[in-house]
4 protein chains.
Amino acid sequence: MSLREKKIAKKKEEILRSAATVLAEKGYHGTTMEEVAANLLMTKGSMYYYFKNKDDLLYQCHQMIMELSLEKIEQVANSELNPIEKLRNAVKSHVLLATSEKSMFMMMDKPDQHFTGEHLEDALGQRRDYAHFFDKILKEGIEKNVFDENIDIRMVRFIILGALNWILQWYSEDGPQTSEEIAQAFATHLLKMVLK
Amino acid sequence: MSLREKKIAKKKEEILRSAATVLAEKGYHGTTMEEVAANLLMTKGSMYYYFKNKDDLLYQCHQMIMELSLEKIEQVANSELNPIEKLRNAVKSHVLLATSEKSMFMMMDKPDQHFTGEHLEDALGQRRDYAHFFDKILKEGIEKNVFDENIDIRMVRFIILGALNWILQWYSEDGPQTSEEIAQAFATHLLKMVLK
Amino acid sequence: MSLREKKIAKKKEEILRSAATVLAEKGYHGTTMEEVAANLLMTKGSMYYYFKNKDDLLYQCHQMIMELSLEKIEQVANSELNPIEKLRNAVKSHVLLATSEKSMFMMMDKPDQHFTGEHLEDALGQRRDYAHFFDKILKEGIEKNVFDENIDIRMVRFIILGALNWILQWYSEDGPQTSEEIAQAFATHLLKMVLK
Amino acid sequence: MSLREKKIAKKKEEILRSAATVLAEKGYHGTTMEEVAANLLMTKGSMYYYFKNKDDLLYQCHQMIMELSLEKIEQVANSELNPIEKLRNAVKSHVLLATSEKSMFMMMDKPDQHFTGEHLEDALGQRRDYAHFFDKILKEGIEKNVFDENIDIRMVRFIILGALNWILQWYSEDGPQTSEEIAQAFATHLLKMVLK
DNA sequence: GATGAATGAGGTTTCATTCAT
DNA sequence: AATGAATGAAACCTCATTCAT
């Protein structure tokens, strides 16, 4: 990657982060290009140098955070840990990522309300991929006889993902618990649900 | 309530239900008054006879569903059942309500993105009330020694509410499980998390 | 047609005429919705009540004038006159229409620069239809032995249409000749070209 | 002219030709500097080294083609040919030039839509000059008793110019007639209009 | 000479809202 | 009680133009 390309990439990320912040606060339709730009002391027009249109901006926002998340969970799922540790790590890692990058995660909700066509396909695909890693861990846990064989994998996965995504709705840096503590608590309680 | 008032109330509810459907699908800013009206074979203008403005419409939508939910959970929490049954029933009742009135529940997300001022206060208050009922059940369970005394009530409540609210993101009438089965599965798994 | 529909139709035509005036002066891209509206003491926004978008406005403008023209020439071509009179009348009628509705005719140029897809098809089709009537008259003249059998119908038609359409570029109400006189002169000279 | 100046002049002409092509296809307002530049594998910004602004570009485009045309017709009008041959040659030469440089001629329409102030004066002046040469030929023909003394010179000139300029609207390299044949046909038919 | 980046004015379009009827 | 018509603010987006490098 040339120097110039690096510079562009950096600027793009800057914009994406700004966008994510505003998007998280106001939602897709509630966010204006003006605001995203103002956030960066840029002008509306300049942003169109980097992104084709608002949809594109949103999509790439989604991409960025999705790639981050997928990378993390893939790493955990493919590690040499036992299923218990895998699940614990997956949960913790999601909590830590979500709380530290709250604004970016915020916009992962309701893809079908924001995306259409190919973008929607992509977004849903990535979401499925993410979910799949949890299924994999759960299945492995059952096979290895450390998780309760009666659990309904699909339901458990929905419960875990729901709990994790809900964090954005209530988490605040000034809350009574640090994100570490939350991660710990979530891991503990969710594990209790699946252990024998 | 006079006959006329009844008629108005009925019409209002009709509009609210239509609005909820569209709002659920497209989100607040993505929904136009036109669409809501068209859905009812009405005209945009007419709706202003019943609602002061779009915000008001959204707010009353929110109210309607919140009242329904609060009523249900209050009933359960104040019943004579033991904590286990209370929690089971609270979960089940939420699942059944959410799946049957999906469109109405859909819009309960992110109140701070939609409401301001007094309306926001109200909405957050109701949400807190709802959450409080779960806390109450959990506390009672611990006191009565049927729930694990080590659980972190706040965290558990967040997990439960997260799992419940997330249902809207994946539930489909044509899915592999009926809402009854889902309710059952959720109750079972979530209970496992809190039992001794 | 109901009263209301009539009113709408009238308003639409009002707008179309205003649009035609501005379009004639500034060309398609040079014309703004603002100007068209201002011309009628309307607001930009109001025009979208009557027309889907700018393209739609332009297209219907084109339609209006094309229908007028086609009607006129069809009438002449299908009359009982001899070919000489037919050609004379067709020319005269075009001159009179073009000079009296200069602004509307002005925009018939370069349809492929303004229209796309189906609209382009339509516009080109109508243009072909119009041209066809001239061919028909010319052919009839040759068959009836009143026009020179050596003329190249296609070329002659192009010459006539070119001369007629060019009028818009130079005609002015304050010019030295009335539109009647121009019509007369055009008819005379163009006829001379085709007579035996 | 220094070598450097020559290089610049060459580049300028390159740009003008590219611009003419795009302008012909999309019209003034429909053409973006971006497109013109892209056509030459240049960047938008670079073009401002050669041209002050878009208007300037258009104007110089117009100039280039106008000079070409004027040169041709002046040559014909001032030749030693008899009026008949002069008119025939003027017509033919215009046809051949217009068909071979279609894109450049295309933009000669409606100067008052594109130019203002001094540029408009200039453009109209050149147009008048061009027209004048036809008048001169026609007058000479009448004086020398080879053209019908009853023709209305102004009208005939308008007919001829209209027919000639219209060619751009229908001519295509793949059409049934070569440009030579068209030139021939136009000369023949238009002459017939003015001969005794 | 050339260009990448930024800008801002201006255009099109949408939509909540109003109001006379 | 309903609605057709109008409005204007605000959104998205384009593009000629500039300028540092």
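All chains are named by letter (A, B, ...) in the order of the sequence lines, taking the proteins before the strands, and each is independently numbered beginning at 1.
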Peer 1: So if I apply the side chain to side chain contact (heavy atoms under 4.5 Å, CB included) rule between B:Leu23 and each of B:Leu57, B:Thr31, B:Val36, which one comes out positive?
Peer 2: B:Thr31
Peer 1: Measure from CE on C:Met47 to P on E:dT14 and round the result to the nearest Å.
Peer 2: 13 Å
Peer 1: Write out all pairs satisfying salt bridge (charged side-chain N to carboxylate O under 4.0 Å, His left out) with one or both partners inside residues 112-124 of chain D, taking only residues at least two apart or from two chains.
Peer 2: none
Peer 1: Atom NZ of A:Lys6 to atom C1' of E:dG4: distance rounded to whole Å?
Peer 2: 18 Å
Peer 1: Kindly write out the residues that satisfy side-chain hydrogen bond (donor to acceptor under 3.5 Å, both in side chains) with B:Thr21, not counting sequence neighbours, or none if the list is empty.
Peer 2: none
Peer 1: Which residue pairs satisfy the ring pair (Phe, Tyr, Trp, His ring centres under 6.0 Å) criterion with at least one member in residues 7-61 of chain A, sequence neighbours excluded?
Peer 2: A:Tyr28-A:His114, A:Tyr59-A:Phe115, A:Tyr59-A:His119
Peer 1: Filter on salt bridge (charged side-chain N to carboxylate O under 4.0 Å, His left out), then keep only pairs touching residues 48-67 of chain B, sequence neighbours left out; what's left?
Peer 2: none
Peer 1: Closest approach of B:Gln113 and A:Gly27, non-hydrogen atoms and distance?
Peer 2: OE1-CA, 3.2 Å
Peer 1: In whole Å, what is the span from the NZ atom of B:Lys10 to the C1' atom of F:dA1?
Peer 2: 15 Å
Peer 1: Of the candidate nucleotides F:dA6, E:dG1, E:dG4, which contains the atom at the shortest distance from the side chain of D:Thr43?
Peer 2: E:dG4
Peer 1: Find the distance D:Leu40:CG to E:dA2:P and express it as a whole number of Å.
Peer 2: 12 Å
Peer 1: Within this structure, what is the CG-to-P distance between C:Leu3 and F:dG4, rounded to whole angstrom?
Peer 2: 14 Å
Peer 1: What is the separation between atom CD on C:Glu14 and atom C1' on F:dA5, rounded to the nearest whole Å?
Peer 2: 13 Å
Peer 1: Output yes when at least one side-chain N/O atom of A:Arg4 is less than 4.0 Å from OP1 or OP2 of E:dA5, else no.
Peer 2: yes
Peer 1: Should D:Tyr49 be listed as having a side-chain N or O under 4.0 Å from OP1 or OP2 of E:dA2?
Peer 2: no
Peer 1: Output every pair passing salt bridge (charged side-chain N to carboxylate O under 4.0 Å, His left out) with a member in residues 33-44 of chain D, not counting sequence neighbours, ordered by first then second residue.
Peer 2: D:Lys26-D:Glu35, D:Glu34-D:Lys44
Peer 1: What is the per-nucleotide protein-contact pattern of nucleotides 11-21 of chain F, from the 5' end, where B denotes a base atom under 4.0 Å from a protein heavy atom, S denotes such proximity for sugar-phosphate atoms only, and - denotes neither?
Peer 2: SBBBSBBB---
Peer 1: Please give, in whole Å, the distance from F:dA10 C1' to A:Glu35 CD?
Peer 2: 12 Å
Peer 1: Quick one: stems involving DNA chain E, counted as three or more successive Watson-Crick or G-U pairs, both distances short of 3.5 Å.
Peer 2: E:2-21 with F:2-21
Peer 1: C:Ile8 has an atom CD1; how far is it from atom P of F:dT3, in whole Å?
Peer 2: 15 Å
Peer 1: Sequence neighbours excluded, which residues qualify as side-chain hydrogen bond (donor to acceptor under 3.5 Å, both in side chains) partners of B:Gln169?
Peer 2: none
Peer 1: Any side-chain N or O of D:Tyr50 less than 4.0 Å from the OP1 or OP2 oxygen of E:dG1?
Peer 2: no
Peer 1: Any pair with a residue in residues 13-24 of chain D that passes salt bridge (charged side-chain N to carboxylate O under 4.0 Å, His left out), sequence neighbours left out, goes on the list, sorted by first then second residue, please.
Peer 2: D:Glu13-D:Arg17, D:Arg17-D:Glu101
